[in-house]
Amino acid sequence: MAFFQDLKARGLVFQTTGDEQFEAWLSDKPRILYCGFDPTADSLHIGSLVPLLMLRRFQLAGHTPIALVGGATGLIGDPSFKAHERALNTPDVVSKWVSRLRTQMSQFLSFEGDASAVMANNLDWTANVDVLTFLRDVGKHFSVNNMIAKESVKQRIEREGAGISFTEFTYMILQSFDFAELNKRYGCELQIGGSDQWGNITGGVDLTRRMNSAQVQGLTMPLVTKADGTKFGKTESGTIWLDAKKTSPYAFYQFWLSTADADVYTFLKYFTFLSVSDIDALEQEDAEREGRPQAQMVLAQEVTRLVHTDVGLEAAERITQAMFNGEEGALSESDLAQLSLDGLPSSTVARAELPATLTQLLTDAGMVTSGKQVKDALGRSAVVINGKPVSVDDNANPQKCFAIDSAMHGQYFITRLGKKKVHLFTVV
RNA sequence: GGAGGGGUUCCCGAGUGGCCAAAGGGAUCAGACUGUAAAUCUGACGCGCGAGCUUCGGUGGUUCGAAUCCACCUCCCUCCA
């Protein structure tokens, strides 16, 4: 299937410039494109995965991707569809985040061959532009009338109780300048981004035409949404990050594994490189089968492998296998040690230092955020230690719950809270 | 600089002297049902095993008693200059 047709079949094309002609333009010859990522944290999260994988899709199709990290724009803050003005981060912090993101982004692209990827940082061409030059050469091309008409800032302008600073309002100009600059430096002629970036992208298209007399294009991808309307990418424990130190491969794998049926085939198209026909076939197969679909597992495997490589995937699968196949009693001592290394949440406590209550212990271990939740779970027999449910009466008696004779291999206690939370305690 | 309107527990949003740890909705967590899914129902949802303790932008004050009244401060919004 032709590249652009494939993107459309995956549902990855939300809007493009040039309407009908876009496809012909794209298939005409290899193009140079870019996508920007602002440093708003010390890691990217799965929200950035769609555009990141999109760059890779383009590269695999023979186009040259430029991954831009927003060392400059990150200092300003993108107001697009944000309800509130945000606090500025210090240059120091932003520059640290920039270097983290660079490393993360580069793992998804290839830096070899004809379509070798390029890494760029917009601070390189904005840091030394003085205000007057910027206002005269760049700002003059923007009509405030047009800018305030953009949907992306509309709620900030119209909404009661909100507002927008000049700083954030200028963001669009800064990003537009990036496109013009990348066009000049690298011959970049396409910018891609999430659908919330449409306003910024068209701003760049206009500016490039005015400053460089060049016609460039834009393409946006849909925002990832869930069928039940809740926010994608967040759980109780927070954001799902790409950094293994912030979200372990196991937690990452589990996140994808619990995708709702209503979303899973869409996500397979968004987040994996499996062909659309394979995904459709899988959907067909799942529909004919009784019980649990295979799709979630395929999704979890594919995405975990993409982000955390085979090593991370294997670790995640080892834990999942051991914890959710009802065979935890059969685990050997070395298996248990491996689970901990693989990223199963675990901690070591000295027997003499066990706290007075289970609520305290499980809260300290990070299984829950408050003792109340443990109490609630205890009342429903939802706390299980080495296969044995613990009751409210045992709360004040951890010594009994973690008695040596109920330990696995003399010191291990697999503690579950609910169906999904597992923690390995080593009591010595 | 002037006039007015706001800042409530993760989010939205009620509450204008005691009945308020604070309505309602959302999110989240746990249970039942299932398939580590969805939907539905149930429970929890500031912290604490508990007695109890700490909250309603901040600091003081009035009062037996304040999220609610007063003063000052701070941040945000709207309009005027």
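Note: hydrogens, waters and symmetry copies are ignored here, and every other heavy atom, side chains too, is used. A, B, ... follow the sequence lines: proteins, then strands. Residue 1 opens every chain. What you see is a predicted model, and the numbers here were worked out from it, not measured in a lab.
Summarising the geometry, the separation between CD1 on A:Ile157 and P on B:C79 is reported as 12 Å, rounded to the nearest angstrom. The NZ atom of A:Lys82 sits 19 Å away from the P atom of B:C76 (whole-angstrom rounding). The distance between atom CG of A:Asp228 and atom C1' of B:A39, rounded to the nearest whole Å, is 11 Å. Between A:Ile164 atom CD1 and B:C76 atom C1' there is a gap of 15 Å when expressed in whole angstrom units. We find that CG of A:Asn325 is positioned 10 Å from P of B:U36, with the value rounded to whole Å. We find that CD of A:Glu290 is positioned 18 Å from P of B:A37, with the value rounded to whole Å. Rounded to an integer number of Å, the gap from A:Asp261 CG to B:G35 C1' is 8 Å. For the pair A:Lys419 NZ and B:G31 P, the computed distance is 6 Å after rounding to whole Å.
Outside the 6.0 Å centre-distance limit, the rings of A:Phe232 and A:Tyr270 are not counted as a close aromatic pair. Proximity of the aromatic rings of A:Phe255 and A:Phe271 is defined here by a centroid distance below 6.0 angstrom, and this criterion is not met.
Shown here, B:C79 forms a base pair with B:G2; the pair counts as Watson-Crick or G-U wobble because both key distances fall under 3.5 Å. B:C41: Watson-Crick or G-U partner is B:G31, with both key distances under 3.5 Å. Nucleotide B:C72 has B:G58 as its partner under the Watson-Crick or G-U criteria, with both atom distances under 3.5 Å. Pair assignment for B:A66: none, as no Watson-Crick or G-U wobble contacts are both less than 3.5 Å. Applying the Watson-Crick and G-U wobble criteria (two distances, each under 3.5 Å), B:C10 pairs with B:G26. As the counterpart of B:G50, no nucleotide is assigned, since no Watson-Crick or G-U wobble pattern has both distances under 3.5 Å.
Separation of the P atoms belonging to B:U74 and B:G15 is 29 Å when rounded to the nearest angstrom. Atom C1' of B:U63 sits at a distance of 12 Å from the matching atom of B:G18, rounded to the whole Å. Comparing B:U54 with B:C72, their P atoms are spaced 29 Å from each other, to the whole Å. The same atom, C1', is picked in B:G17 and in B:G31; the two are 41 Å apart, to the nearest Å. Separating the C1' atom of B:G46 from that of B:U42 is a span of 23 Å, rounded to the nearest Å. Only the P atoms considered, B:A30 is 15 Å distant from B:C45, to the nearest whole Å. Only the P atoms considered, B:U40 is 30 Å distant from B:G48, to the nearest whole Å. Here, B:A14 and B:U59 have their P atoms 25 Å apart, quoted to the whole Å.
Annotation: cation-pi pair A:Arg351/A:Phe402 absent, no NZ/CZ under 6.0 Å from the ring centroid and within 45° of its normal.
You'll find that the side chain of A:Thr230 is closest to B:A27, out of B:U36, B:A30, B:A27. Distance from the side chain of A:His84 is smallest for B:C12 among the nucleotides B:C12, B:G35, B:U28. Closest approach to the A:Leu417 side chain among B:A27, B:G35, B:A30 is made by B:A30 (side chain taken as heavy atoms from C-beta onward).
Between A:Asp335 and A:Ser332, the side chains place a donor N or O and an acceptor N or O closer than 3.5 Å (distance only, hydrogens not considered). Between the side chains of A:Asp178 and A:Tyr34, not a single donor N or O lies within less than 3.5 Å of an accepting N or O. Between the side chains of A:Thr320 and A:Gln254, at least one donor-acceptor pair of N or O atoms lies under 3.5 Å. Between the side chains of A:Asp92 and A:Thr90, no donor-acceptor pair of N or O atoms lies under 3.5 Å. Side-chain contact, A:Thr426 with A:Gln411: no donor N or O sits under 3.5 Å from an acceptor N or O.
Side-chain atoms of A:Gln254 and base atoms of B:U36 include a donor and an acceptor less than 3.5 Å apart. Counting distance only, with no hydrogens placed and no angle test, the side-chain atoms of A:Lys421 and the base atoms of B:U36 include no donor-acceptor pair under 3.5 Å.
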Restricting both atoms to N or O, compile the protein contacts to nucleotides 43-51 of chain B shorter than 3.5 Å, with distance only.
| from | atom 1 | to | atom 2 | distance (Å) |
| --- | --- | --- | --- | --- |
| B:G43 | O2' | A:Arg380 | NH2 | 3.0 |
| B:G43 | N2 | A:Asp376 | OD2 | 3.1 |
| B:G43 | N3 | A:Arg380 | NH2 | 3.3 |
| B:G48 | OP1 | A:Gly371 | N | 3.4 |
| B:G48 | OP2 | A:Gly371 | N | 3.1 |
| B:G48 | N7 | A:Lys372 | NZ | 3.3 |
| B:C49 | OP1 | A:Thr357 | OG1 | 3.4 |
| B:C49 | OP1 | A:Thr359 | OG1 | 2.9 |
| B:C49 | O4' | A:Asn395 | ND2 | 3.3 |
| B:G50 | OP1 | A:Lys375 | NZ | 2.6 |

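When the nearest nucleotides of RNA chain B are assigned to A:Pro293 and A:Lys226 by heavy-atom distance, the more 5′-ward of the two goes with A:Lys226. Residues A:Ser165 and A:Gly291 both approach RNA chain B. Their nearest nucleotides, taken by heavy-atom distance, put A:Gly291 toward the 5′ side.
Backbone-only engagement by A:Thr259 is indicated by non-hydrogen atom pairs under 4.0 Å involving sugar-phosphate atoms exclusively. When heavy atoms are screened at a 4.0 angstrom cut-off, A:Ala260 is found touching the sugar-phosphate backbone but no base atom.
Counting heavy-atom neighbours within 6.0 Å of A:Lys82 NZ, excluding the residue itself, gives a total above 12.
Using the six-membered ring where Trp is involved, A:Tyr412 and A:His409 have ring planes that are perpendicular, over 60° apart on the 30 and 60° scheme.
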